[in-house]
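Hydrogens, waters and symmetry mates play no part in the numbers below; they use all other heavy atoms, side chains included. Naming convention: chains lettered A, B, ... in sequence-line order (proteins, then strands); numbering from 1 in each chain. Quantities reported herein were computed from a predicted structural model and do not represent experimental measurements.
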Amino acid sequence: MPESRPAYYVTTPIYYVNDRPHIGHAYCTILADVLRRYHSMFGCETFFLTGVDEHGQKVEEAAKKRGLTPQQHCDEMQAHFRDLWPTLDISNDDFIRTTEPRHERVVKQALQQLFDSGDIYKGEYEGFYSQRVEKFFTEDELIDGKCPETGGEVQRIVEANYFFRMSRYQQRLIDHINANPDFIRPESRKNEVLGFLRKPLQDLCISRPKSRLSWGIELPFDSDYVTYVWFDALLNYVSVIGLFHDDPRFRKWWAVSTHLIGKDILTTHSVYWTTMLFALGLDMPRHIIAHGWWLVDNTKMSKSLGNVINPLAMRDKYGVDSLRYFLMREMVVGLDSDFSEESFLKRHNFELANDLGNLANRLVGFAAKQMGGVIPAPGTGSGHAADAEVMAMAAELPARVRGHVESLRVETAIETVMNFVRRLNRYVAETEPFKVIKTDPAAAGGAVYIALEGLRIALNLLWPVMPKKVENLLGALGGNSVVGYFDDLKWGGLVPGTALNLPEPPFPRFELPEFETRPAEAPAKADKAVADRANAAGGAKAEKAAGSQPSDGSSGAVASEHATFDDFLKIKLLVGTVLTAEPVPGSDKLLKLSVDLGEPAPRQIVAGIGDRFPVEKVPGSQVTVVANLKPRKVFGIMSEGMILAATDENGLSLIAPSGTPRKPGTRVG
RNA sequence: GGCGAAGUAGCUCAGUUGGUCAGAGCAGGCGGCUCAUAUCCGCCGUGUCGGGGGUUCAAAUCCCUCCUUCGCCA
């Protein structure tokens, strides 16, 4: 047996080639990169895979629209992802495109194997086809026998198709999830999957006749069909690492695989993919980790709301390292987080500039002035009790960081390091080398050495998060480089006498723009008299009274009875024209509306008016829409606004402009 | 409607298996230092741990119930 190192294999989803990268893609890929880099520092041999999904109807359509072949279209579009990653310091080992021969042959072989074993069978797919949206619907999805999206006519079509016997593996999957508590993380997602599995699984239709979709991988046993997207896409995780072609390589990586996914593709990975693997006689991946979404103003990003965060813009404005730091520091893996430039800048200024950057800058600046610009000799330290404390903290820091990373608490790992950085700043204040230098240069040198060495260790531990910046900084600290392994991160790596060279502060502060005036500031600054009176009265109570001046009219018990004019202005009321309306299945009064608000795309709005208002009378009506309500799901359908209506015992009327119809998007108020 | 998760200081959130768990950061106030990026360090928080009930010697931490928010339901 050759010497074996532990291994670690991490994947991102393959992103849909038609998409433009947004902050969510960047987050997932950076997270994968950070995990890969940490694990390599833990001593693991690592493999990191990302890529793009290139097949499917939408790609075919988009290409057609542009007058290109689908392949030409993909060749062009995939660059949006492939070229982005190096600029975010992503260290992926491979980049898979599902149109590559190395992938297609594995998909075909997998299909053939499942066909031969009877897990893929030909059956009848009964669907209802809507000419208008060129889509199939199941009987359950139809609404009164009409298309659920347009309310239009549908044709019942019985079409031969191939099915995967997913149902056969349901119990095995449930058992595996129960036996491996950290298989699907976080736990709430695991529960979600188990809940889903309480109902019997249907078999999965995995083919499309070429007459309807030709842009896909042909079934090896029936050239009239291509395989449908998921079956193709999911296999990327194993095709790249050698399934069917390089067994030792495949086994090595597959046994240690971690899939990072967005919560929107949880079922696909936890149910479709896992049952496919069972059927193929392969092991489960080690972990499936569903991360959360970046929200903007606590609202999901969407094109129609125009609030999509472009990672390139953030990188260009603030630098790749700050961007990576923020994304990793701010989000708890598995939960949603809010993205705002304000919180970004606060993290940058407080943690990177004030704490970390300033520590480097003050130490190097001091050494340059007082110590000949070189790393001083450690001697016997500063003679201060804090020496031992700092060195003990530094000694146990790698293990603590490793523990947090291994339990996916990346943000806690970072926080742990930053707490140590704060301890180092305190250490400098305690030992006061800038004073001590006048009386005891050796002790001052000892203090600076300890602080610098602590900084070196902290920087190494942050390398996976900010590789470029850390490498540069370590270079500035006496020409050091990143240690390969946590095990090598021992105290005393800095060589006394080597030159320090930090020409400028490593993390310049960014000016914080005025984001919004804070009510708390008003009494302190604008109303000194109130504050003084409060202080004179003494105690926390008085302070509280001063602090609760309802300067914006929205806080304080007194104001709660009335809405102020400002409150009213927060509600954006717009005139809209209803384009389509259809009942929501399973509900007796909800209607799904498509409403023109004069925006590029119509809004989808779910309204509870169906029991009082005939659905066929709604299209064409004008309505008043609350346009800036936070979008929410109603009965599983996203609703992007609210329709105003008045209901009493005589029925319901829509609240809308009377007389001449108004242009969609006209402001009401 | 079914299933699941969450509700902790002004803000963002930590709080393993019930017993220094009532905390951190930010914001605010006061003070100190000057090596440093108007940076750093120290001090200052009586918040019904969503409401109510229960179990226990002991609950933010377990149980019940209600309210609110969020997620999933191919």
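Take the nearest nucleotide of RNA chain B for A:Glu351 and for A:Glu432: the residue whose nucleotide is more 5' is A:Glu351. Mapping A:Arg409 and A:Asp264 onto RNA chain B by nearest heavy atom places A:Arg409 at the nucleotide closer to the 5' end.
In this structure, A:Trp273 has its ring center at least 6.0 angstrom away from the ring center of A:Tyr169.
Using a 4.5 Å heavy-atom threshold, the side chains of A:Asp336 and A:Trp294 count as separate.
Partners of A:Tyr449 according to the ring-ring contact (aromatic ring centres under 6.0 Å, His included) rule, which considers only residues two or more places apart in sequence or in another chain, do not exist here. With sequence neighbours left out, the side-chain hydrogen bond (donor to acceptor under 3.5 Å, both in side chains) criterion links A:Asn501 to no other residue. Shown here are the side-chain hydrogen bond (donor to acceptor under 3.5 Å, both in side chains) partners of A:Tyr125, two or more places apart in sequence or in another chain: there are none.
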Please report, to 0.1 Å, the donor-acceptor pairs under 3.5 Å made by any side chain of residues 199-207 of chain A, with sequence neighbours excluded.
{"residue": "A:Asp203", "atom": "OD1", "partner": "A:Met166", "partner atom": "N", "Å": "3.3"}
{"residue": "A:Asp203", "atom": "OD1", "partner": "A:Ser167", "partner atom": "N", "Å": "3.2"}
{"residue": "A:Asp203", "atom": "OD1", "partner": "A:Ser167", "partner atom": "OG", "Å": "2.7"}
{"residue": "A:Asp203", "atom": "OD2", "partner": "A:Tyr121", "partner atom": "OH", "Å": "2.7"}
{"residue": "A:Ser207", "atom": "OG", "partner": "A:Asn161", "partner atom": "OD1", "Å": "2.4"}
{"residue": "A:Ser207", "atom": "OG", "partner": "A:Tyr162", "partner atom": "N", "Å": "2.8"}

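Between the CZ atom of A:Arg189 and the C1' atom of B:rC72 there is a distance of 8 Å, given to the nearest Å. Put simply, CD on A:Glu192 is 12 Å from P on B:rA74, counting in whole angstrom units. Spacing between atom CD of A:Glu415 and atom P of B:rG25 amounts to 9 Å, rounded to whole angstrom units. Look at CD1 on A:Ile261: it is 13 Å from P on B:rC72, rounded to the nearest Å. We find that NZ of A:Lys190 is positioned 12 Å from C1' of B:rG4, with the value rounded to whole Å. A:Asp336 places its CG atom 8 Å from the P atom of B:rG71, with the value rounded to the nearest Å. Rounded to a whole Å, the CG atom of A:Leu266 is 12 Å from the C1' atom of B:rC73. Protein atom CZ of A:Phe420 is 19 Å distant from nucleotide atom C1' of B:rG25, rounded to whole Å.
Side-chain contact check for A:Tyr325 and A:Glu330: no donor-acceptor pair (N or O, by modelled atom type) lies under 3.5 Å.
The side chain of A:Lys346 approaches B:rC26 more closely than any other nucleotide in the set B:rC26, B:rG71, B:rA5. Picking from B:rA5, B:rC33, B:rA74 the nucleotide with the shortest atom distance to the side chain of A:Asn191 gives B:rA5. Out of B:rA5, B:rC26, B:rC73, the shortest distance to the side chain of A:Ser188 is found at B:rA5.
Comparing the P positions of B:rU8 and B:rU48 gives an interatomic distance of 11 Å, to the nearest angstrom. B:rA59 and B:rA22 are spaced 12 Å apart, taking the P atom of each and rounding to whole Å. Taking atom P on both nucleotides, B:rA27 is separated from B:rC41 by 12 Å, rounded to a whole Å. Spacing between B:rG54 and B:rU17 at atom P, rounded to whole Å, works out to 25 Å. Look at the P atom in both B:rA9 and B:rG50: the space between them is 8 Å, to the nearest Å.
Using a 4.0 Å heavy-atom criterion, one finds that A:Leu201 contacts the bases of the nucleic acid, with or without backbone contacts as well.
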**OP:** Using a 3.5 Å limit on both pairing distances, list the dot-bracket string of RNA chain B from the 5' end; Watson-Crick and G-U wobble pairs count, crossing pairs take [ ], interstrand pairs take |.
**Re:** (((((((..((((.........)))).(((((.......))))).....(((((.......)))))))))))).
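A perpendicular orientation is assigned to the rings of A:Phe366 and A:Phe434, their planes being inclined by more than 60° (bins at 30° and 60°). Ring-plane geometry between A:Tyr318 and A:Phe344 is classed as tilted, the angle between the planes lying from 30 to 60 degrees on a 0 to 90 degree scale.
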Original post:
Which letters describe nucleotides 35-42 of chain B, given B = protein heavy atom under 4.0 Å from base, S = only from sugar-phosphate, - = neither?
Top reply: BBB-SSSS
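Between A:Lys468 and A:Asp321 there is no salt bridge, since no side-chain N of the basic residue sits under 4.0 Å from a carboxylate O of the acidic one.
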